[in-house]
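Remarks on the structure that follows.
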Amino acid sequence: MANFDPATVLSHLSVEEKVRLLCGKDAWTLHGLPAESVPEIVMTDGPHGVRLTAAATLNDDTHPATVFPVEAAMAATWNPELIKEVAAAIGRECQALGVGVILGPGLNGKRSPLGGRNFEYFSEDPYLTGVMASAYVQGVQSEGVGACIKHFVGNEQETRRFQINTQVDERTLQEIYLAPFARAIREASPWTVMGAYNSVNGEFACQNSDVLQRLLRDELGFDGLVMSDWSAVQDKTLAHANGLDLEMPGPALRDHELLNAVQSGQLDEASLDQRVLRVLKLIRQVTDARKAVTVDWDAHHELAVRAAADSMVLLKHEQELLPLAKADSIALIGQFATEPRFQGGGSSHMKPKQMSTVLDALSARGSVSYAAGYTETEVSSAQLTEAVETARQADRVVLLTGTTDSMESEGFDRADMKLAPDHVRLIQAVAAVNPNLVVVLHSGSALDTRDIEDICPVLLQAWLPGQGGGEALARVLQGETNPGGKLSETFPLRLEHNPTYETFPGNKTDTTYHEGLFVGYRYYDSKVLPVQYPFGHGLSYTRFELSDLRVEQSGQQPPVALEVTLKNTGARAGSEVVQVYIQDAQSTYRRPEQELKGLARVHLEPGAEQRVRIALDDQAFAYYVTHLGRFAVESGRFELRAGFSSRDIRLTASVDVNSDTEVRILPTMEDPVNEWLADSRTEPAMTQVLADLGFDEDHPMWAIVMGFPIPQLLKFIPWMGHDEATAERVRQQLADRRNAAG
Ligand code: BGC
């Protein structure tokens with residue numbers, strides 16, 4: 001138990017000692033102050049488990065710990081309670097290993113399916129990301145370990161991630177990229193935030209006062225510690241002056257720069273003190289929460305299996321091939337069956353405490369013959385022959401494919417969405433001898449399945465499922481777990497359909513978020529583009545129906561509660577996710593076709609039904625109004641859509657919402673006639689003026705004059721047969737009425 005008061009310790013420190021505290025001691029440790037009873041604390045990577053390296057350096061020799069499914073998979077459970085449980089288990093393992101802060105979860109978005117780190121991020125949807133992030137942070141911190149939401153902000157690609165300047169407009173930043181951070185901070189109070197490598201609108205995120213001060217501190221109200229990403233600090237003085245508390249990793253190389261800055265008055269000591277105080281407070285918080293914990297590793301493994309099984313998404317299921325019958329002989333094909341593709345590469349790469357392979361898990365349940373089929377991305381002719389022969393002799397084939405570490409990892413973006421060409425060749429050859437083919441996809445992000453769609457009756461998205469993946473897969477294939485995962489991102493028909501296709505990953509210096517709000521299904525649904533598998537999609541071995549949608553609203557303001565009856569009409573127990581999307585039918589500014597605003601994953605026995613209630617608060621209806629500088633709800637009609645994916649809406653209802661906020665900008669004396677007519681505040685004045693001028697729709701110039709700004713209208717008045725004094729009178733009349741309306 002630490003026994004120091006941060007403010008008192010601060011008052012004892014020299015400037016040199018203060019500066020020293022603002023950078024790590026080594027890759028993972030923060031400096032302690034033995035004379036002041038301030039202990040060292042350890043931070044380490046997540047987010048899929050504890051990645052404590054054996055030495056205090058950036059190496060891959062890590063203590064074994066439970067590897068849970070990657071974030072993309074966690075989000076595909078659509079089950080925040082389960083993710084909270086997973087994160088609590090991670091928290092306990094942190095305690096057992098002496099880790100005070102875990103560097104996760106990652107909350108960045110998925111602009112492009114090519115993002116190399118998409119596996120490590122939750123979703124293309126900011127609501128789903130926010131809900132999952134908040135559950136994760138609550139889970140970890142319930143065990144007395146700090147979470148670190150990262151990378152703040154605009155870190156949506158790996159290409160040139162240390163230098164790239166993310167150009168993003170304010171509304172897009174607020175609605176898409178900041179929203180998950182906002183929810184996590186509001187609902188879960190993470191102890192720390194990690195700043196991103198990239199620049200945001202012209203300045204590096206870790207030394208950008210607009211990012212760290214205005215957005216993070218002032219608007220989102222974050223009052224914990226802000227650390228840099230590892231080696232993200234370019235200018236130490238600027239970073240600390242503009243809001244960064246802690247530079248990572250250590251040891252510090254340029255402390256003298258900071259010392260000089262303080263001594264020369266470039267950085268005032270009061271703001272240095274504020275940063276030091278945050279570091280000391282974090283150390284105090286971590287040490288106060290330290291506790292002795294014994295980890296039940298088997299229970300954590302079982303939790304990892306359960307989470308993996310609940311994340312698997314049955315994309316396609318024809319010919320009733322699943323679940324596999326106990327009596328079936330199974331050909332299991334793919335190197336991933338013995339060397340599982342269970343996690344992604346980079347800073348989240350761990351050493352698993354236990355490992356389950358699908359070969360072991362299926363063999364324990366019945367007759368399985370195995371062929372490797374490939375080594376990494378290559379298929380030799382001997383492997384092809386062996387795989388085909390193995391497939392020929394079995395009742396059913398389960399073939400594992402997906403991305404390899406060389407195709408998808410931190411550090412670089414994917415080249416395309418395709419499977420390795422040799423894997424496609426293997427699948428085609430196997431399908432030709434045995435059409436009873438179940439293809440399991442291992443990837444952290446969307447794949448292009450067009451090459452295999454016609455020959456694969458069953459496709460199961462198994463993500464990078466962590467150490468329990470093999471056992472989880474066996475449970476799903478055998479029907480012990482009914483798959484209930486739902487896509488946390490759209491699988492577009494082809495990469496070219498993605499809205500960032502022409503612009504990702506930008507040029508040498510900049511990446512511009514031209515697509516704005518229209519990310520993922522927000523784009524595909526607004527464009528009415530066909531997709532391969534929509535956002536929220538996932539099949540089951542049973543069937544569900546939705547009925548009796550009711551909306552409860554007291555007055556015409558949010559919150560609004562929506563209720564539906566979910567019924568399991570099939571023959572097996574299983575779970576379904578009720579998804580609620582909102583369409584703003586009458587907004588002044590363009591909004592996506594629909595946006596996810598509520599969800600509930602519900603487990604039901606066959607024949608059972610349940611009333612499901614989903615509350616929609618203010619934020620569910622609001623959007624960011626740039627000229628007001630805040631989120632606002634606009635009065636009008638909204639459509640509430642309840643369904644099982646963004647493309648499978650079963651029930652809808654309309655609600656009228658009244659808001660005090662006026663989001664429209666009053667037309668000015670420079671705006672055109674049609675905008676005056678479209679706005680109820682200026683319409684009477686303009687209608688009156690046009691009537692007085694005897695100018696109506698029968699006039700041959702009517703449609704053209706509608707686009708005239710007021711000065712051009714005034715110039716046109718003599719052409720309508722009136723004198724110049726009339727033009728001046730009209731100007732005055734419009735100006736007076738406008739002032740009265742404003
Ligand atoms: C990654 C972070 C990670 C850090 C420490 C960086 O390269 O971007 O997510 O926490 O390394 O390993």
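Indexing begins at 1, ligand by ligand and atom by atom, following the structure's order.
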- Message: If we count only N and O atoms by modelled type, under 3.5 Å, do the side chains of E156 and Y513 hold a donor and an acceptor together?
- Response: yes

- Message: Using a 4.0 Å cut-off on heavy atoms, what residues surround ligand 1? Order them by chain and number.
- Response: W28, D45, L103, R117, K150, H151, R161, M194, Y197, D229, W230, S347, E410

- Item | Parallel, tilted or perpendicular: ring planes of F535 versus W78, cut at 30 and 60 degrees | tilted

- Query: Any Lys/Arg nitrogen of E376 or R341 sitting under 4.0 Å from an Asp/Glu carboxylate oxygen of the other?
  - Reply: no

- Query: When you check the side-chain N and O atoms of E489 and S445, is any donor under 3.5 Å from an acceptor?
  - Reply: yes

- Task: Determine whether the side chains of E71 and S123 contain a donor N or O and an acceptor N or O closer than 3.5 Å.
- Result: no

- Item | Option from H240, Q274, R278 for which side-chain hydrogen bond (donor to acceptor under 3.5 Å, both in side chains) with D245 holds | R278

